[in-house]
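Read the numbers this way: they start at 1 and go in the same order the structure lists the ligands and their atoms. Here the structure is a predicted model, which is why all the values come from computation and not from measurement.
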Amino acid sequence: MERMTGAELTIRLLERQGVTIIAGIPGGCNLPLYDALYQSRAIRHVLARHEQGAGFIAQGMARSSGLPGVFFATSGPGATNTLTALADAKLDSVPVICITGQVSCGLIGTDAFQEADIYGMSVPVTKHNYLVRHARDLLTVIPEAFRIAASGRPGPLLIDIPKDVQTAVIEVRELPAPSLPDANPIPDKDMLARAAEAINRADRPILYFGGGAATPETARLAKALVDQHGIPAAMSLQGLGVIPAGHALSLGMLGMHGARSTNLLLEETDLLIAVGARFDDRATGRLDTFCPLADVIHIDIDSSELSKLRPANIGIAADAGESLKALLPMLRQRLRTTWRTRMTNLKKNHPQGFDGEDDPRSAYGIIRYTASLVDENAIITTDVGQHQMRVAQAYPFARTRQWLSSGGLGTMGFGLPAAIGAALQHPDRTVICFTGDGSLLMNIQELATAAEEHTNVKIILSNNRGLGLVQQQQELFYQGRLFASEYKNSVDFIRIAEGFGIPALHLNDCANPAAGLRQLIENPGPCLAELDILAADMVFPMVPPGAANKNMIEGYDTRGTA
Ligand SMILES: Cc1ncc(C[n+]2csc(CCOP(=O)(O)OP(=O)(O)O)c2C)c(N)n1
Ligand SMILES: [Mg+2]
């Protein structure tokens, strides 16, 4: 029997779950938790500079490891600042646990100082959430939160703990065992048999991998499926890395900014095998024109995804990896030479060239050159915009958990804190954050965190003095009326970085940018390299929002015709 406060109990339970790093910011209503954390030997606290930053740091830890990331915020404004990071985690199925302080139980509902109903506000952006009213409830709530975050389709949770629950002293007879994720549902045998039969019959199958397939084990099985059965594989933004970029049967990313040959091949497929993918509109384009000739096998651990957007002929509600493992021995080896030749010809006829890719001072060249300086252990994060789409198209992703990008919510400001989280989780690795000038400004305060923690985060800033992807849409779809998307004021990012204590280099100002960048990346610790690029340079191909994927725009001339 041991006496402890709710705050001490919380920290003990987090330690038992294996948590080693918590990002966050203290305030009045979570100070008891912080005081208990101060006494923890097992958990290190990382002081973020904004609670959204803390949320994305936790996401960076979770996305790069597959394990739940934890972050703390105080009540009221601290708590509301976490909502974007939670919504982001929800849409990309990332396991994070946000623990907020709340005003004491007796004050709830009185508009007390820094009171906000974060329980109510977080309902639609979390997988599950709690308002803990009694310290003893923590004994079940904390392990359960870890179980739910990591079971089935992962997702974010919020635990709101009133201050008097944190300070309440209780007698604890025995601490509960750390929780484990639930066992996965077993793939249905009949459905598997039907899927195997459909695959064996198909002459022109294509695999479509999403974030649900982006784990090392599933990727290994996916590669076996591709190799042994000659099935080309396309990936959603979140699926990149499941099949390595250089693989002969990799089609890279499909959809809005995918390769033309990929979207065209999808027009011809007779069987689409979607694995851990959710038919997002950025991937499918106009839904009723997507893969018009294909039957669909849909494998997803979240049964509510099956037939949600595209009716599945065969739906398997199970883990992606376990389903592939069961399917593989049921498949007949087929070379599918005609189909492969068709793929090769389409790729040859529509090569995905990247303008200036050999010049490290170009928008694509900086991505390729950076990639050449690191190996596949490097972790890559991006922000949101043209630079993000270019990285998705041109970076040679070789494995899963290497590519961390905000896909579903598309949150500017994700890149830097996510990179910090990845670097904290993997101190032996280089983490590259490709960002844009608009996005970097959204969480620029986290430069202080990167410097303080001496994280090995290399920020590559493509500066086009504006909101490039917005300009691209205005140029293409609003008759060139650029409005509220160009920055009139120029920002000196080099001095800003240096002001935070981070070495920085402007690649346009240095005699040998290639050598300069190499040196920045080789020196341990954070740094920033900035490159000026033209706002008028657009990302192609592009499917206009709402159009069919086959109607991609390939390029654009200055006379204004797409
Ligand atoms: C938080 C947030 N606000 C607004 C948007 C809409 N948006 C999408 S891309 C973009 C421009 C991004 O600019 P920048 O980071 O400089 O990238 P670039 O496109 O110029 O490479 C905007 C405003 C968004 N995705 N996220
Ligand atoms: Mg920009």
Side-chain angles (χ1 to χ4, degrees), residues 50-53 55-56 59 80-92 125 237-238 256-257 280-282 354-356 361-367 370 380-395 405-419 432-447 459-478 481-493 496 506-508 528-540 542 544-545 556:
H50 187 293
E51 289 82 359
Q52 186 186 113
F56 285 133
Q59 275 213 36
T80 55
N81 273 349
T82 67
L83 286 170
T84 299
L86 290 170
D88 190 279
K90 180 90 186 318
L91 278 188
D92 283 347
V125 294
L237 187 81
Q238 294 304 323
M256 183 174 273
H257 291 289
D280 176 70
D281 53 272
R282 285 293 188 269
F354 301 116
D355 285 348
R361 271 192 279 212
S362 75
Y364 282 108
I366 184 76
I367 297 165
T370 306
I380 313 303
T381 77
T382 68
D383 264 299
V384 172
Q386 290 179 320
H387 62 278
Q388 175 193 32
M389 291 301 116
R390 289 188 178 113
V391 177
Q393 292 173 327
Y395 196 96
S405 194
S406 168
L409 200 64
T411 311
M412 294 167 69
F414 171 92
L416 172 58
I432 313 268
C433 166
F434 288 101
T435 185
D437 49 328
S439 294
L440 184 58
L441 286 170
M442 289 228 182
N443 270 322
I444 194 142
Q445 74 288 342
E446 300 309 324
L447 286 175
I459 302 162
I460 312 282
L461 165 63
S462 293
N463 189 349
N464 52 13
R465 295 173 181 245
L467 306 168
L469 202 56
V470 171
Q471 288 184 33
Q472 174 161 346
Q473 293 223 17
Q474 290 174 332
E475 193 66 62
L476 293 173
F477 312 123
Y478 295 84
R481 289 186 294 278
L482 301 191
F483 176 64
S485 53
E486 293 167 296
Y487 293 138
K488 297 183 189 90
N489 195 20
S490 98
V491 173
D492 189 340
F493 284 102
I496 288 180
H506 203 302
L507 297 177
N508 300 83
L528 180 142
E530 179 180 4
L531 178 72
D532 288 333
I533 56 166
L534 290 177
D537 276 356
M538 297 194 219
V539 181
F540 289 115
M542 179 181 194
Y556 184 78

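Here Asp280 pairs with Arg278 under the salt bridge (charged side-chain N to carboxylate O under 4.0 Å, His left out) rule; sequence neighbours left out. Applying the ring-ring contact (aromatic ring centres under 6.0 Å, His included) rule to Phe354 yields the partners Tyr364; only residues at least two apart in sequence or on another chain are considered.
Around the Mg ion (ligand 2), the protein contributes the following N, O or S atoms under 2.8 Å, ordered by chain and number: Asp437 OD1, Asn464 OD1, Gly466 O.
The shortest non-hydrogen separation linking Ile496 to Leu447 is CG2-CD1, 4.2 Å.
Ser485 contributes no side-chain N or O that, together with a main-chain N or O of Leu467, makes up a donor-acceptor pair within less than 3.5 Å. Not a single donor-acceptor pair under 3.5 Å links the side chain of Gln52 to the backbone N or O of Thr84. Judged purely by atom type and a 3.5 angstrom limit, Gln472 uses its side chain to pair as donor or acceptor with the backbone of Val539. Side-chain N or O atoms of Ser362 include one that pairs as donor or acceptor with a backbone N or O of Gly365 at under 3.5 Å.
For the side chain to side chain contact (heavy atoms under 4.5 Å, CB included) with Gln388, the lone residue among Thr382, Thr381, Asp383 that qualifies is Thr382.
Annotation: side chain of Leu476 is in contact with side chain of Met542 (closest heavy-atom distance under 4.5 Å).
Using a heavy-atom distance under 4.0 Å as the criterion, the protein contacts of ligand 1 are Val384, Gly385, Gln386, His387, Gly410, Met412, Gly436, Asp437, Gly438, Ser439, Met442, Asn464, Gly466, Leu467, Gly468, Leu469, Val470.
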